[in-house]
Amino acid sequence: MSNTLPALASSSEEVQELPALNFLGPPGTYSHQAAFDVFGDSVRYVAKQTITSVFESLSPELPFGIIPQENSTNGSVIETYNLLRCESAGRDSFARGETNLSIKHSLVVRKNVKIEDIEHVFSHEQALGQCKVFLKEYLPRASLVPTDSTASAARALLNAPSESFDPFKSAAICSTVVTSLFPGLEVLHTGIQDGESNMTRFYIVSYGADARVPWQTPPIYKKRALIRLLPDRDSLAWDFSRAIKALNIPISRIDRRPSLSSTTFHDVYFLEVFAEGGEESGVTWFDRVNQAVERLRQEGLESTVLGIW
């Protein structure tokens, strides 16, 4: 990991003609690593400050992005699902694939800082949630401070001391790669995540559904789709089995968030579906998904395809 991303940062400035891919920055985040594992040298990497800015920056000039969807320890990434509620999802942004990354967290500090000095721990809220056991055992009195990303937490440790921030009493949870990207930092502890099997799943997104994705490592999972479903009445009362029957495609997961409507406790649902076998009777996977969505609409359910891969 530490051998690839520093070189990646320089190549992104040299090859301006490549298609651009937005990622949650700064360089050294897990999003950065996940994107590089999939696209390698086939894209130009553009760091964004937040997941929201990755999503909203998609355009003809910045056609691709990568956003974290779920962590195996800490669950769904709420910011991502909140973005998928927006009208632009499925129109200006479209999920085109997925990739998984094994997450190994480290506790990083300014050089010569000891664990007994630490009063504040900075990181993305997902990373803080994935290291609860370590934090409870070794830093039970430290305050936990959410940041936009793991790498931005590490970079902040290099800021000058101020009345509100003392870098010599602070630490960041992030990848070890940041110590090569940001001189002056060192690793205090490695492998601090809860459990050995800590994976984050990412969506690959594009501006619209037609742009050719420059895969260097094609997705393992194919014939998947993401559908947004908005019930026609209060989500506490409607019959979900009606949607399942109309869909008539296997469902691998269902997520739920409050809808953007003015109706209280009215939820929007996100369904991931998959094909069990090959194409049926010459019908492509693309057509099967769109036919399923049309059946949902005929049942009076507002439905939108947010991604097909």
Side-chain angles (χ1 to χ4, degrees), residues 22 24 48 50-58 65-98 124-126 128-129 146 148 200-209 224-275 285-309:
N22 304 316
L24 175 62
K48 297 295 180 180
T50 64
I51 297 171
T52 298
S53 60
V54 170
F55 191 83
E56 294 180 345
S57 295
L58 291 171
I66 184 168
I67 53 177
Q69 176 263 330
E70 182 184 28
N71 177 263
S72 60
T73 300
N74 210 43
S76 299
V77 180
I78 299 302
E79 185 177 358
T80 292
Y81 279 98
N82 284 345
L83 292 167
L84 293 174
R85 299 179 299 177
C86 302
E87 289 187 5
S88 60
R91 183 191 65 204
D92 298 338
S93 61
F94 204 75
R96 305 293 298 279
E98 62 182 278
H124 189 274
E125 61 180 3
Q126 278 278 332
L128 293 172
D148 290 329
T200 294
R201 182 178 184 236
F202 297 82
Y203 285 144
I204 308 300
V205 293
S206 69
Y207 180 72
R224 303 287 193 271
L226 178 63
I227 297 170
R228 183 177 63 210
L229 180 63
L230 186 65
D232 52 356
R233 58 182 182 271
D234 192 287
S235 59
L236 294 175
W238 76 292
D239 182 6
F240 197 86
S241 64
R242 182 161 59 98
I244 295 175
K245 182 178 180 181
L247 189 64
N248 195 30
I249 296 179
I251 301 172
S252 59
R253 66 176 293 136
I254 300 173
D255 292 272
R256 183 182 71 175
R257 293 295 296 151
S259 75
L260 298 176
S261 73
S262 58
T263 304
T264 57
F265 300 109
H266 185 251
D267 294 333
V268 59
Y269 293 81
F270 302 94
L271 283 60
E272 278 198 33
V273 299
F274 65 98
W285 175 235
F286 181 88
D287 287 338
R288 282 189 64 193
V289 172
N290 282 283
Q291 289 168 7
V293 167
E294 184 57 35
R295 290 194 297 270
L296 290 169
R297 291 170 179 165
Q298 290 173 0
E299 289 290 326
L301 302 171
E302 183 180 324
S303 307
T304 305
V305 179
L306 302 183
I308 300 178
W309 61 96

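Nearest heavy atom pair, residue W285 against residue R224, reads NE1-O, 3.1 Å. When every heavy atom of F55 is checked against every heavy atom of S88, the shortest pair comes out as CE2-OG, 3.8 Å. Taking both residues in full, the closest heavy atoms of A95 and V205 are given as CA-CG1, 4.1 Å, listed atom of the first, atom of the second, then distance. Residues I51 and P68 share a closest heavy-atom pair of CD1-CG, 3.6 Å. Taking every heavy atom of both residues into account, T73 and N71 meet most closely at N-OD1, 2.7 Å. Of all non-hydrogen atoms in S76 and D255, the two that sit nearest each other are OG-OD1, 3.1 Å.
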- Message: The test is side-chain contact (heavy atoms from CB on, under 4.5 Å); show your working for I308 and N290 and say whether it passes.
- Response: CA-CA 10 Å; I308 300 178; N290 282 283; 4.1 Å; yes
- Stepwise, does the side-chain contact (heavy atoms from CB on, under 4.5 Å) test hold for R253 with Q69? CA-CA 12 Å; R253 66 176 293 136; Q69 176 263 330; 3.2 Å; yes
- Task: Could you walk me through whether Y207 and F94 pass the ring pair (Phe, Tyr, Trp, His ring centres under 6.0 Å) test, one step at a time?
- Result: CA-CA 6 Å; Y207 180 72; F94 204 75; over 10 Å; no
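The pair R228-E302 fails the salt-bridge criterion, with no side-chain N (NZ, NE, NH1 or NH2) lying under 4.0 Å from an Asp/Glu carboxylate O. Remark: E299 engages R242 in a salt bridge, criterion side-chain N to carboxylate O under 4.0 Å. Ion pairing of E272 with R201 is present here, as a side-chain N (NZ or NE/NH1/NH2) and a carboxylate O approach within less than 4.0 Å.
Contact annotation: the side chain of V305 never approaches that of L226 to less than 4.5 Å [non-hydrogen atoms, C-beta and beyond]. For the pair D92 and L58, the minimum side-chain heavy-atom distance is 4.5 Å or more. Residues H124 and L128 are not in side-chain contact: their nearest non-hydrogen atoms beyond the backbone lie 4.5 Å or more apart. In this structure the side chain of R295 never reaches within 4.5 angstrom of the side chain of L247, judged on heavy atoms.
Under the 3.5 Å distance criterion, the side-chain polar atoms of R297 are matched with a main-chain donor or acceptor of S303. Between the H266 side chain and the P231 main chain, a donor and an acceptor come within less than 3.5 Å of each other.
Side chain to side chain, N82 and R257 meet the donor-acceptor criterion of an N or O pair below 3.5 Å. Checked by atom type, the side-chain pair N22/S57 shows no donor-acceptor distance below 3.5 Å. Side-chain contact of S206 with R96: a donor-acceptor pair under 3.5 Å is present, judged by distance alone. Side-chain atoms of E79 and T52 include a donor-acceptor pair closer than 3.5 Å. Judged purely by distance below 3.5 Å, without hydrogens or angles, the side chains of S261 and S259 pair a donor atom with an acceptor atom.
We find the CG-CD1 distance between L271 and I227 to be 6.5 Å, quoted to the nearest 0.5 Å. With rounding to the nearest 0.5 Å, the separation of CG in L296 from NZ in K245 is 13.0 Å. Expressed to the nearest 0.5 Å, how far CG of L306 lies from CG of L229 amounts to 10.5 Å. Between I244 atom CD1 and I249 atom CD1 the span is 13.0 Å, to the nearest 0.5 Å. The structure places OH of Y269 at 12.0 Å from CD1 of I251, a figure rounded to the nearest 0.5 Å.
Across V77, I204, T80, a single residue satisfies side-chain contact (heavy atoms from CB on, under 4.5 Å) together with I67, and that is T80.
Partners of F270 according to the ring-ring contact (aromatic ring centres under 6.0 Å, His included) rule, which considers only residues two or more places apart in sequence or in another chain, are Y81.
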